[in-house]
Amino acid sequence: MKYDTIKELLQYASKAENKTFKEVIEEAKGYDYNIDEISYKKGFFGHVVEECLFDYSPNSRSEPDFPELGVELKVTPIRRNKNGTISAKERLVLNIINYVEELTKTFETSSFSKKNKNLLIMFYLYSESMKKEDFPIVKSHFNNFKDIDGEIIRRDWEIIHKMIEDGRAHELSESLTLYLGACTKGANHLNLVSQPNSNIDAMQRAYCLKQSYMTTIARQVISNENLQRIIDSKTKMPQGFEQLVMKKLTVYYGKTQDNLSKEFSIDSKAKSLNDLLVARMLGVTGKVSRTIEFQKANIVPKSIRLEINNTIREDMSFKNFNPKEIVEHDWIDSELRDYFESTRFLISLFRKNNQGDYVFIKAFFWSLPISVLDGKVKDTWQETKRILINGVIIDNWNGKSRNNLPGKTFNHVCHVRPKAALSMRYPGDSNSFLLPNGEWMTKQCFWLDKKYVRTILDLTV
DNA sequence: GCATGATCATGC
DNA sequence: GCATGATCATGC
């Protein structure tokens with residue numbers, strides 16, 4: 001079947017909305033599928049849409065699925081969260097990067113642009129408790145990376161390209177870029193390939209649209225979510241989004257917490273006051289993470305307080321972990337690795353002055369280096385997993401509970417500590433989580449040691 | 001001063 | 001009501 005226009009294609013695709021994969025198969029003319037036979041096969045969802053809906057055979061050519069329109073078809077899952085919102089279940093993996101070939105390309109001639117310039121994305125709703133063929137197709141969406149997204153993705157591509165050019169493909173990480181990432185995938189983790197300007201083999205990677213990007217798109221087209229924007233379509237970003245954010249923040253360098261609180265009419269005693277201030281500096285009410293750009297790019301704001309002598313008093317905490325998830329995964333597929341591999345941080349520094357007030361001195365974007373992630377952070381995670389499996393030992397000490405999970409003496413980069421509103425360890429309590437051995441303990445999270453954090457700060461300025 | 005546990009205020 | 005981004009408190 002031929003489609004003359006993208007509109008026609010999209011219209012046809014939308015016919016599958018609210019149908020399950022099983023229904024799409026059954027309605028296909030001339031096909032005689034045994035669902036039980038094909039449903040467990042790899043690529044089931046894509047194949048059903050390609051063969052049964054669009055009536056063409058699957059291919060892995062480097063040209064798009066609909067060559068005459070230059071449109072690539074992607075079938076991708078969303079899931080429903082406990083609070084009712086939806087999220088992309090995974091990143092959208094595009095084509096594999098051939099480091100040698102890609103080095104010779106420009107953005108326009110790149111393998112990414114060649115195949116993925118126009119995407120027809122079909123979202124289906126994944127559910128743990130349902131059979132694959134009963135998942136419904138929810139929505140079709142056409143994405144051609146116009147305007148701001150296109151600009152940001154072009155710069156992302158250039159960052160990846162520069163890494164290859166510099167012989168640093170082995171240091172690539174999804175967290176280095178904003179929307180377009182270079183991700184590893186499944187068995188690819190173990191696939192080492194050569195790269196042009198270095199003797200070090202690198203993990204094979206593919207272009208992807210970050211999970212956070214896909215979540216934002218899904219919420220916009222399916223849930224009609226309305227987020228604040230930091231930039232509008234008229235904003236010029238000759239040096240990219242990050243530089244633009246820096247430009248907005250630089251204006252406030254040298255101002256104290258007090259100054260800034262007054263300027264933005266914030267009267268708050270929150271421990272995360274600096275976070276609120278940074279949001280206001282960017283023109284956002286509420287949280288920075290609730291803006292289109294930060295949500296798509298998965299940028300997490302962090303603020304650090306420095307003492308007068310430039311030391312840091314506190315370690316840096318992250319999300320609470322889920323013991324069950326840790327025990328059930330290997331490091332390479334773990335939530336923690338995935339978090340650091342795909343998260344970019346916006347770090348703001350506030351330094352104490354002689355009056356005891358904190359001065360906003362600088363901000364910068366940062367990602368945890370892969371070498372640290374797959375080094376010391378991995379060690380802490382592995383040790384945590386080992387102890388979770390063997391049984392966490394909790395005892396009482398001066399009225400506090402104490403445990404044997406890897407603490408600060410473990411490796412001076414990453415450790416485990418409690419993080420909850422209250423120190424509680426009762427079944428079902430919101431401050432407690434269930435351990436694999438059936439006991440309950442106060443929720444814990446992974447922390448980065450302040451000593452390590454200090455090493456990422458460039459305080460020469 | 002360090003290690004460890006405990007807890008706060010806020011947005012959503 | 002909980003997750004988040006943090007900071008406070010205490011014993012050694």
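Numbers restart at 1 for each chain; the letters A, B, ... are given by sequence-line order, proteins then strands. A quick note: this is a predicted structure, and the numbers were derived from the prediction, not measured.
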Please figure out whether A:Trp397 or A:Ile304 has its closest DNA chain C nucleotide nearer the 5' end.
-> A:Ile304
Would you jot down, in residue-number order, the residues of [range] having a non-hydrogen atom under 4.0 Å from DNA chain C?
{"range": "residues 415-425 of chain A", "result": "A:Lys419"}
{"range": "residues 294-301 of chain A", "result": "A:Val300, A:Pro301"}
{"range": "residues 245-264 of chain A", "result": "none"}
{"range": "residues 310-325 of chain A", "result": "A:Glu314, A:Asp315, A:Ser317, A:Lys319"}

Could you list all the side-chain hydrogen bond (donor to acceptor under 3.5 Å, both in side chains) pairs where at least one residue sits in residues 236-247 of chain A, not counting sequence neighbours?
->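 Residue pairs with at least one partner in residues 236-247 of chain A: A:Glu242-A:Arg344.
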Pairwise ring-ring contact (aromatic ring centres under 6.0 Å, His included) hits with a residue in residues 260-307 of chain A, at least two apart |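 Of all non-adjacent pairs touching residues 260-307 of chain A, those that pass ring-ring contact (aromatic ring centres under 6.0 Å, His included) are A:Tyr252-A:Phe264.
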Within residues 211-230 of chain A: residues closer than 4.0 Å to DNA chain B (heavy atoms) = none
Identify the 5'-most and 3'-most nucleotides of DNA chain C with at least one atom closer than 4.0 Å to a non-hydrogen atom of chain A.
-> C:dC2 to C:dC12
A:Asp374 meets the salt bridge (Lys or Arg N to Asp or Glu O under 4.0 Å) criterion, sequence neighbours left out, with A:Arg337
Could you tabulate the donor-acceptor pairs under 3.5 Å formed by side-chain atoms of residues 74-88 of chain A, not counting sequence neighbours?
residue	atom	partner	partner atom	Å
A:Lys74	NZ	A:Val93	O	3.3
A:Arg80	NH1	A:Gly84	O	2.8
A:Asn81	ND2	A:Thr85	O	3.3
A:Asn81	ND2	A:Thr85	OG1	2.8
A:Asn81	ND2	A:Ser87	OG	3.0
A:Asn83	OD1	A:Thr85	N	3.1
A:Asn83	OD1	A:Thr85	OG1	2.7
A:Ser87	OG	A:Arg219	NH2	3.1

In residues 273-289 of chain A, what donor-acceptor pairs under 3.5 Å come from side-chain atoms, sequence neighbours left out?
residue	atom	partner	partner atom	Å
A:Asn274	OD1	A:Gln257	NE2	2.6
A:Thr285	OG1	A:Gln228	OE1	3.4

Which residues pass the ring-ring contact (aromatic ring centres under 6.0 Å, His included) test with A:Phe45, sequence neighbours left out?
->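 A:Phe45 satisfies ring-ring contact (aromatic ring centres under 6.0 Å, His included) with A:Phe21, A:Tyr124, A:Phe135 only.
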A:Lys443 near the nucleic acid: base, sugar-phosphate alone, or nothing, with a heavy-atom cut-off under 4.0 Å?
->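 Sugar-phosphate only.
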